[in-house]
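Only one structure is covered here, and it is reproduced in the block below.
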Number of protein chains: 2
Amino acid sequence: MNAVICTVDIVLLTLGDEGLSVALLKRDRQPFKDLAALPGGFIHADTDVDGFDAAMRVLSSKTGIHAPYLGQLATFSGAARDPRGWSVSLAYYALVPFDVITGAGHPDVKLVPVDRLPALPFDHAAIVATAVERLRSKSQYSSLPCFLVGELFTLPQLQRVYEVLMGEELNKVSFRRKMTELDVLEPVEGQMAASGASRPAQLYRLKPAFRDQPGLLKRGL
Amino acid sequence: MNAVICTVDIVLLTLGDEGLSVALLKRDRQPFKDLAALPGGFIHADTDVDGFDAAMRVLSSKTGIHAPYLGQLATFSGAARDPRGWSVSLAYYALVPFDVITGAGHPDVKLVPVDRLPALPFDHAAIVATAVERLRSKSQYSSLPCFLVGELFTLPQLQRVYEVLMGEELNKVSFRRKMTELDVLEPVEGQMAASGASRPAQLYRLKPAFRDQPGLLKRGL
DNA sequence: ATAATAGTGTCTATTAGACACTATTAA
DNA sequence: TTAATAGTGTCTAATAGACACTATTAT
């Protein structure tokens, strides 16, 4: 009755010069050996506490990255998605600042813009699409995009992140009102970001209570 | 490496006189035999196409009910949730009009208000809580609650459903504006609902395109 | 006619966006 | 000083809610 392959797959997203990108890894075993795919692996029933724990293990062992945000995405399952048999993939999505990936210096990790994906094995294309959709949706009404910037950031930087995710320009006054309403940021006193030949911007960071999970707005934008 | 129990559990929700309620079934086997629990069962890797297919099978075989809405909720997993070992439960939630459950006449199915749940086996209490939260959240900005009323309904009936789910009274004019904006309903010409000694209300039904999935609002409420 | 609830027109309050103005830096 | 971008005050537009009025039924 039961002969199900149980795996975890991670959609590690970041925002770089080429837009929203996903981390892909060359597969080191069959099936689809040597193809670029999502970082993933089997559930280790003897050592993993639960799916989230397995996701953290897979993410850090395959990429060396500790993401500030890691959340359950959805579960992809069925007889057709893996040639080895009926399988379940617990898909998680992680958000991480660009320089955390480049800085981790894992040479196998390739960042690929989500709108220029190569053909992916299994149903990984659908998993990535679901993750992107989830991130874009949550960007409408939460502070989730804050996990794509570094620990310290300015409001103009953050606004540009929101704008890329939402695919539209945002009103500066409204955006700042919404950030105030979200109430997840605190200014870092005295510090300013060095920009070009213009006024430097106030630096902010996430309030401690929101470093692991986003804050939510009543009304979006 | 793999010895994972793969199951499906269904949170079947409906709206009755006692408020939002969940369908529980007396377990017919160990563990927790004879305790009330969510309808669930093992994945049948030899016959189920995928998790959704397994959820439909479990729902109809255990309760005899075909729900107008069935969606993936989340996946609950880990070493501790099932005494038999490391397990994965693909949790789905289903919405169904009250009279579909009572009319199906499955005597084992007990409807229990979600705010007066008995102690439940496994992590079923957490699964139900997640489903209720999801439904309440989606009620803010989608037509999901429409799946809790019958095929034909009036706007005052639907508004009462939204009010129960959201736990607050809604402005009649605003509610109707939002329903118009959602654009998922069509009036059933000529028909009126028989009420008491007052003006009968126009009957509506879901537009065919929205009979399987809800419509969404830009701005909530 | 009266009571009861459905449905709508319209005014007011709240929220979002446009726009302009001041602030602060490098060159 | 100018150029460039940060940050804010304030007016206008859009949206949501309050309230009252008309509509339609049973008694």
Side-chain angles (χ1 to χ4, degrees), chain A residues 139-143 145-146 149-150 152-205 215-221, chain B residues 139-143 145-146 149-150 152-205 215-221:
Chain A
S139 298
Q140 304 284 330
Y141 60 90
S142 83
S143 60
C146 293
V149 297
L152 298 179
F153 51 88
T154 69
L155 286 179
Q157 284 171 352
L158 187 61
Q159 181 171 348
R160 267 171 248 133
V161 169
Y162 271 86
E163 286 173 341
V164 169
L165 293 175
M166 299 178 40
E168 61 179 324
E169 298 215 328
L170 297 176
N171 181 282
K172 182 168 57 167
V173 177
S174 296
F175 177 75
R176 282 158 182 259
R177 271 195 296 244
K178 284 299 183 180
M179 284 303 123
T180 302
E181 188 192 332
L182 258 176
D183 199 28
V184 302
L185 302 183
E186 60 186 13
V188 179
E189 288 308 334
Q191 299 212 60
M192 302 284 170
S195 42
S198 77
R199 176 176 174 176
Q202 176 67 53
L203 281 174
Y204 290 85
R205 67 176 158 226
L216 302 175
L217 285 169
K218 286 264 176 59
R219 266 184 265 277
L221 278 165
Chain B
S139 298
Q140 304 284 332
Y141 60 90
S142 83
S143 61
C146 294
V149 298
L152 297 179
F153 52 88
T154 69
L155 286 179
Q157 284 171 352
L158 186 61
Q159 181 171 349
R160 281 185 285 272
V161 169
Y162 271 86
E163 285 172 341
V164 170
L165 293 175
M166 301 180 35
E168 61 180 326
E169 300 214 324
L170 296 176
N171 181 282
K172 181 169 58 166
V173 177
S174 295
F175 177 76
R176 282 160 183 258
R177 271 195 295 242
K178 285 298 183 180
M179 285 303 124
T180 302
E181 189 193 332
L182 259 177
D183 198 28
V184 302
L185 303 183
E186 59 185 14
V188 179
E189 287 308 334
Q191 297 212 61
M192 301 285 170
S195 42
S198 75
R199 175 175 173 175
Q202 176 66 52
L203 280 175
Y204 290 84
R205 67 177 157 224
L216 301 176
L217 284 170
K218 285 265 175 60
R219 267 182 267 276
L221 277 165

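All chains are named by letter (A, B, ...) in the order of the sequence lines, taking the proteins before the strands, and each is independently numbered beginning at 1. Model, not experiment: these values are computed from the prediction.
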Of all residues at least two apart in sequence or in a different chain, which pass the ring pair (Phe, Tyr, Trp, His ring centres under 6.0 Å) check with Tyr162(B)?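 Expected list: Phe175(B).
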Measure the distance from [atom1] on [X] to [atom2] on [N] and round it to the nearest whole Å.
X	N	atom1	atom2	result
Glu168(A)	dA16(C)	CD	C1'	13 Å
Arg219(B)	dA16(C)	CZ	P	7 Å
Leu221(B)	dT14(C)	CG	P	16 Å
Arg177(B)	dT15(C)	CZ	P	15 Å
Tyr162(A)	dA16(C)	OH	C1'	17 Å

Taking any atom under 4.0 angstrom from a heavy atom of chain B, which nucleotides of DNA chain D are the first and last to qualify, 5' to 3'?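 Counting from the 5' end, contacts occupy dT15(D) to dA26(D).
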Tell me whether Arg160(B) is salt-bridged to Glu163(B), with the criterion being a basic N under 4.0 Å from an acidic carboxylate O.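 Salt bridge flag = no for Glu163(B) with Arg160(B).
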Without swapping roles, check the side chain of Ser143(B) against the backbone of Gly215(B) for a donor-acceptor pair under 3.5 Å.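 The answer is yes, because a donor-acceptor pair under 3.5 Å joins these two groups.
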Can you name the side chain to side chain donor-acceptor pair (under 3.5 Å) partners of Gln157(B), sequence neighbours left out?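 Once residues adjacent in sequence are excluded, Gln157(B) has no partner under the side chain to side chain donor-acceptor pair (under 3.5 Å) criterion.
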Just checking Lys172(A): base, sugar-phosphate only, or nothing, at a heavy-atom cut-off of under 4.0 Å?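 Base contact.
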To the nearest 0.5 Å, what is the distance between CG on Leu203(A) and CD on Glu189(A)?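 Rounded to the nearest 0.5 Å, the CG-CD separation comes to 11.0 Å.
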By nearest nucleotide on DNA chain C, pick out whichever of Gly196(A) and Pro200(B) is the more 5' one.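 Per heavy-atom nearest nucleotide, the more 5' residue is Pro200(B).
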Please figure out whether Ala197(A) or Asn171(A) has its closest DNA chain C nucleotide nearer the 5' end.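 It is Asn171(A), whose closest nucleotide lies nearer the 5' terminus.
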Do Lys178(B) and Arg219(B) come close enough that some side-chain heavy atom pair is under 4.5 Å?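 Lys178(B) vs Arg219(B): side chains touch.
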